[in-house]
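Quick notes on the structure that follows.
Here the structure is a predicted model, which means the values were calculated and not measured.
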Amino acid sequence: MELYYIFMRNFKQIIIEALKIFVLIAAIVIPIRYFLFQPFFVSGASMEPNFYSGEYLLLDEISYRFRDPLRGEVVVFKYPEDPSLFFIKRVVGLPGETIEISDGIVKIYNDQFPQGKILDEPYVVGKTEGSLRISLKDDEYFVLGDNRYRSSDSRNWGPVSRKNIIGRAWIAISTSKGFEILNAPAY
């Protein structure tokens, strides 16, 4: 009988310690998961060859609380036509700029380049189809997929509002490339 009481006392201590560990892990993991870094799975071919369907990304949700998205960064955002869906695209046009697409070329007009600047986009697959000229408002971004032939993007449904941008792709994890920390190209 004494053995039973020793067992029950030890069992209770084990349960209490396990609960303490669970609460501590939850207190650390939940805020990180919901406020700093969010997992995201790539779906579709619009960002190939840089991101393939099924790849796992960690999104940095904190940077954009302190600064705005930069040209060249890959962002995840709420789809403007259905905010329950999330898309991944590359930022091409910044607030206040004018974007022109013509003859497969993307040109940016802003205060620094009033005559326009052709974007050098080494990550792009194919030409940028379409013909348009659009001026962005102070809270709008023009986004395009890297695989321009297979991408539904700002050419189709317009710019993305700043409030709909969730975060930037920070870490990519895949079976083919392994673990990769992502940086925006400088241009």
Side-chain angles (χ1 to χ4, degrees), residues 31-47 50-51 57-102 104-125 127-172 181-187:
I32 289 173
R33 161 58 179 88
Y34 286 100
F35 300 111
L36 301 178
F37 305 106
Q38 185 176 143
F40 180 80
F41 281 99
V42 176
S43 178
S46 72
M47 292 301 290
N50 299 301
F51 303 101
L57 301 177
L58 277 181
L59 304 183
D60 167 11
E61 292 183 327
I62 197 164
S63 291
Y64 293 160
R65 293 179 190 182
F66 302 103
R67 67 169 180 84
D68 290 322
L70 303 173
R71 187 182 337 276
E73 288 183 326
V74 175
V75 297
V76 172
F77 55 92
K78 294 177 185 177
Y79 176 46
E81 295 183 0
D82 182 356
S84 68
L85 299 175
F86 295 90
F87 276 29
I88 179 173
K89 303 292 177 204
R90 191 174 300 273
V91 174
V92 172
L94 302 174
E97 293 183 330
T98 297
I99 312 303
E100 181 179 71
I101 298 175
S102 179
I105 295 170
V106 178
K107 195 182 255 190
I108 304 295
Y109 296 86
N110 57 27
D111 292 340
Q112 185 180 1
F113 302 104
Q115 301 305 312
K117 176 186 180 189
I118 296 173
L119 288 184
D120 177 27
E121 300 179 286
Y123 45 78
V124 170
V125 173
K127 293 173 81 175
T128 306
E129 294 180 338
S131 178
L132 68 84
R133 184 176 176 99
I134 184 170
S135 294
L136 302 175
K137 295 178 184 171
D138 289 339
D139 67 337
E140 293 180 331
Y141 292 82
F142 195 84
V143 296
L144 296 172
D146 291 351
N147 186 350
R148 303 285 162 87
Y149 294 128
R150 311 257 331 253
S151 181
S152 172
D153 47 41
S154 286
R155 293 173 293 173
N156 309 100
W157 32 258
V160 174
S161 172
R162 172 68 170 89
K163 69 180 181 192
N164 286 335
I165 297 176
I166 305 299
R168 70 181 177 96
W170 178 50
I171 295 175
I181 296 178
L182 307 170
N183 293 312
Y187 63 96

Q) Within a reach of under 6.0 Å around CG of Asp111, are more than 12 heavy atoms found that belong to other residues, nucleotides or ligands? A)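 Open: at most 12 neighbouring heavy atoms sit under 6.0 Å from CG of Asp111.
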Gap between atom [atom2] of [Y] and atom [atom1] of [X] - 0.5 Å precision:
{"X": "Phe142", "Y": "Ser135", "atom1": "CZ", "atom2": "OG", "result": "11.5 Å"}
{"X": "Ser152", "Y": "Leu144", "atom1": "OG", "atom2": "CG", "result": "10.5 Å"}
{"X": "Leu132", "Y": "Glu129", "atom1": "CG", "atom2": "CD", "result": "12.5 Å"}
{"X": "Thr128", "Y": "Ile99", "atom1": "OG1", "atom2": "CD1", "result": "11.5 Å"}
{"X": "Asn164", "Y": "Glu140", "atom1": "CG", "atom2": "CD", "result": "10.5 Å"}

Testing the basics here: between [X] and [Y], what is the closest heavy-atom pair and its distance to 0.1 Å?
{"X": "Lys107", "Y": "Gln115", "value": "NZ-O, 4.3 Å"}
{"X": "Val160", "Y": "Pro80", "value": "CG2-CG, 4.3 Å"}
{"X": "Val143", "Y": "Val91", "value": "CG1-CA, 4.2 Å"}
{"X": "Pro69", "Y": "Ile165", "value": "CG-CD1, 3.9 Å"}
{"X": "Tyr123", "Y": "Arg148", "value": "CE1-NH2, 4.2 Å"}
{"X": "Leu136", "Y": "Pro159", "value": "CD2-CB, 3.7 Å"}

Quick one: list whatever passes side-chain hydrogen bond (donor to acceptor under 3.5 Å, both in side chains) with [X], sequence neighbours left out.
{"X": "Asp153", "result": "Ser151, Arg155"}
{"X": "Glu97", "result": "Arg71, Asn110"}
{"X": "Ser63", "result": "Asp60"}

Q: Please report the C-alpha distance between Arg90 and Asp146 in whole Å, then the side-chain angles of each, then the deciding distance to 0.1 Å, and finally whether the salt bridge (Lys or Arg N to Asp or Glu O under 4.0 Å) criterion is met.
A: CA-CA 7 Å; Arg90 191 174 300 273; Asp146 291 351; 2.7 Å; yes
Q. Can you list every pair that meets salt bridge (Lys or Arg N to Asp or Glu O under 4.0 Å) and has a residue in residues 78-87, with sequence neighbours left out?
A.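 Residue pairs with at least one partner in residues 78-87: there are none.
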Is there a side-chain contact between [X] and [Y], using heavy atoms and a 4.5 Å cut-off?
{"X": "Val125", "Y": "Asn50", "answer": "no"}
{"X": "Tyr141", "Y": "Leu94", "answer": "yes"}
{"X": "Ile88", "Y": "Leu57", "answer": "yes"}

Q: List in chain and number order the residues that pass ring pair (Phe, Tyr, Trp, His ring centres under 6.0 Å) with Phe77, two or more places apart in sequence or in another chain; answer none if no residue qualifies.
A: Trp157
Q | Residues in salt bridge (charged side-chain N to carboxylate O under 4.0 Å, His left out) contact with Arg150, at least two apart in sequence or another chain | A | none
Q | side chain to side chain contact (heavy atoms under 4.5 Å, CB included) between Ile101 and Ile134, intermediate numbers included | A | CA-CA 9 Å; Ile101 298 175; Ile134 184 170; over 6 Å; no
Q) Thinking salt bridges, do Asp68 and Arg162 make one under a 4.0 Å N-O criterion? A) yes
